[in-house]
Number of protein chains: 2
Amino acid sequence: MTLVGTLSEPNLLIKKLELYTRLSCREKAVLERLSAGPVRLYQPRESIIRQGEPPEVVNLFRQGWACRFKDLPNGRRQVVSFLLPGDLCDLNVFVLRQMDHSIEAITAVSVAPIARAEFEMITAEYPRITQALWWDALVTNAIQREWTTNIGQRDAGARVGHLLCELFIRLRAVGLTTGSSCAFPLTQALISEATGLTNVHVNRTIQRLRTLGLVSIKERRLAIPDLEALMEFSMFETNYLHLDHEGRHLDAND
Amino acid sequence: MTLVGTLSEPNLLIKKLELYTRLSCREKAVLERLSAGPVRLYQPRESIIRQGEPPEVVNLFRQGWACRFKDLPNGRRQVVSFLLPGDLCDLNVFVLRQMDHSIEAITAVSVAPIARAEFEMITAEYPRITQALWWDALVTNAIQREWTTNIGQRDAGARVGHLLCELFIRLRAVGLTTGSSCAFPLTQALISEATGLTNVHVNRTIQRLRTLGLVSIKERRLAIPDLEALMEFSMFETNYLHLDHEGRHLDAND
DNA sequence: CGACGCGTTGAATTTACTCAATTAGAGTGG
DNA sequence: CCACTCTAATTGAGTAAATTCAACGCGTCG
């Protein structure tokens, strides 16, 4: 892990929270400042935090992809979520003593660590932001429930398709897609660890999705020519992502 | 659903929260009062809230078992968690506009609905309780991640065994076990919906666990003669339940 | 070049599913 | 008390989905 100075990309956390409710300029400025501090950089495959360690900061993911996973005694592991730019993790820092899972960089990752004091300042003084952070945490849970459902009920084709839909839509929500495609750094091995399938089977499954014209993955990019069709095929329903501005009654005016 | 007056059982929410941190007498009194109001009763299989509806109250489960589940377009459903006495659900009431899952009674269930105002009073005035409620919410997430892992990585035997370990230990944590056994109202069909297996396969799996002397389920009771052995068999590690008094630094003195 | 990561393929095997029928038990009403 | 009904548990046989194991191709990088 490397520490470097300030970066200046668009703040995707703000973009994401505004899917829930409109923030005021002042609130946005506060969030900008939060994530404008020094940044930690991680290399692909580098560990960000490990199972058993105490969490120390709230991490805001600025660039790159990471995954949350659990190791099992038999040597296998389950990826339980993917962390994308704009995502927050480890809100448990203020409560839990030790991590029950690990987080690891997939690509090069830049993270803005947010200290406890800053967080408490926000929750004390900016109720609308606090509410939006709650929304984010609850959506994270909803995603976790959907993953349970995905692995438990869908066959390999729909299961992989569902994961691809989710990632595409989450990326689109923060503006990281271009038309019907997006950057896609996941290897088939990672997809298999996330879906509970073997890498061999994932390979054959993706080939089938390709043959059906539903997806195309090449050169680290994912293209979904007909998202509606893939959603139908994968029994994907967007509601669990709660992206339809559900906090509109709280919208700021300025 | 039926409304009835006050009941007086031991308050399992308090018991559960004290696994995290010791509460003061005053705090306990507040929590007692919270859940001492009128109670809602549900019959087995009765719906408590349905996917798509807006959540209206925070429900504290006082008696009985319920399950949270998601319906799929193909008619199947996935049970994503079980709600036991002392559990809270639908903290999302203040944030999300619509439920992305349903909740249904398994046995006869009695629930104490907690209004928004009461909740806000607590978070404003009782930081230690608030912290403990956060702990509860975070543990709920940790459980959801473990379920994802369970379904994704363990074979049928360990998967069912793991579920039984979890339920037993959660019940034990609130004092609802007797020696090595506990009430167990789940049908094999429910177990299959929770584990992503078919009921036929669950049946054969439980028979195997029985033959191995690991569990015995009869007359709506579960007995686990050697919990250590079942945990080993199921690759069960308790850490994700965060039951070891992690908030001890916050303990009340009186 | 050689090592390595990643994707791909084949063949055999196993786990879990499907479908259908049967048994057991609890509860109901005549 | 017994027939009737329902739900839940159980069994058997055939099938399908996914796994395992092993090997190979291909591009990148040191």
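Since the structure is predicted, the reported quantities are computational estimates derived from the model, not experimental observations. The sequence lines fix the lettering, A, B, ..., with proteins before strands; numbering per chain opens at 1.
- Among dT7(D), dT9(C), dA18(D), the nucleotide with an atom closest to any side-chain atom of Arg45(B) is dT7(D).
- One end of the helix from dC1(C)-dG30(D) to dG30(C)-dC1(D) points its axis 30° away from the other end's axis, with each axis taken from 5 pairs and the angle rounded to 10°.
- Under the 30°/60° scheme for interplanar angles, the aromatic rings of Phe82(B) and Trp65(B) are found to be tilted.
- The 12-atom threshold is exceeded at CZ of Arg221(A), counting heavy atoms of other residues, nucleotides or ligands nearer than 6.0 Å.
- Separating the CG atom of Leu190(B) from the C1' atom of dA9(D) is a distance of 14 Å, rounded to the nearest angstrom.
- Using a 3.5 Å distance cut-off with no hydrogens or angles, the side chains of Asp100(B) and Asn239(A) do not pair a donor with an acceptor.
- In this structure, Gln207(A) places its CD atom 17 Å from C1' of dA17(D), rounding to the nearest Å.
- In this entry the distance linking CZ of Arg159(B) with P of dT15(C) reads 13 Å, nearest Å.
- Annotation: the span from Phe61(A) atom CZ to Ile48(A) atom CD1 amounts to 4.0 Å, rounded to 0.5 Å.
- Summarising the local packing, CD of Glu53(A) is surrounded by more than 12 heavy atoms from other residues, nucleotides or ligands at distances under 6.0 Å.
- Within the nucleic acid shown, Gly157(B) has no heavy atom closer than 4.0 Å to any nucleic acid atom.
- No donor-acceptor contact under 3.5 Å links the side chain of Arg204(A) to the base of dG7(C).
- Between the C1' atom of dA18(D) and the NE2 atom of His201(B) lies a distance of 13 Å, rounded to the nearest Å.
- The side chain of Thr187(A) approaches dC6(C) more closely than any other nucleotide in the set dT18(C), dC6(C), dA9(D).
- Nucleotide dA17(D) holds its C1' atom 17 Å from the CZ atom of Arg154(A), rounded to whole Å.
- Relative to the side chain of Asn203(A), the nucleotides dA18(D), dC6(C), dT9(C) differ in distance, and dT9(C) lies closest.
- For the pair Arg221(A) CZ and dG7(C) C1', the interatomic distance rounds to 20 Å; values are reported in whole Å.
- Environment of CD in Gln207(B): crowded, with over 12 heavy atoms of neighbouring residues, nucleotides or ligands closer than 6.0 Å.
- Here Asn199(A) lies out of heavy-atom contact (under 4.0 Å) with every strand.
- Between the side chain of Asp155(B) and the backbone N or O of Ala158(B) there is at least one donor-acceptor pair closer than 3.5 Å.
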Chi angles and distances behind the side-chain contact (heavy atoms from CB on, under 4.5 Å) call for Val58(A), Leu91(A) | CA-CA 6 Å; Val58(A) 176; Leu91(A) 279 182; 4.2 Å; yes
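- Glu193(A) has its CD atom 14 Å from the P atom of dG5(C), to the nearest Å.
- Under the 3.5 Å distance criterion, the side-chain polar atoms of Thr178(A) are left unmatched by any main-chain donor or acceptor of Ser181(A).
- Contact check of residues 209-220 of chain A against DNA chain D (heavy atom, cut-off under 4.0 Å) returns no residues at all.
- Side chain to side chain, Gln144(B) and Thr148(A) meet the donor-acceptor criterion of an N or O pair below 3.5 Å.
- For Asn74(B) and dC17(C), the CG to P distance is 14 Å, given to the nearest whole Å.
- With distances taken from any side-chain atom of Gln188(A) to the nucleotides dG5(C), dT18(C), dG7(C), the minimum falls on dG7(C).
- The residue among Ile206(B) and Leu197(A) whose nearest nucleotide of DNA chain D is located toward the 5' end is Ile206(B).
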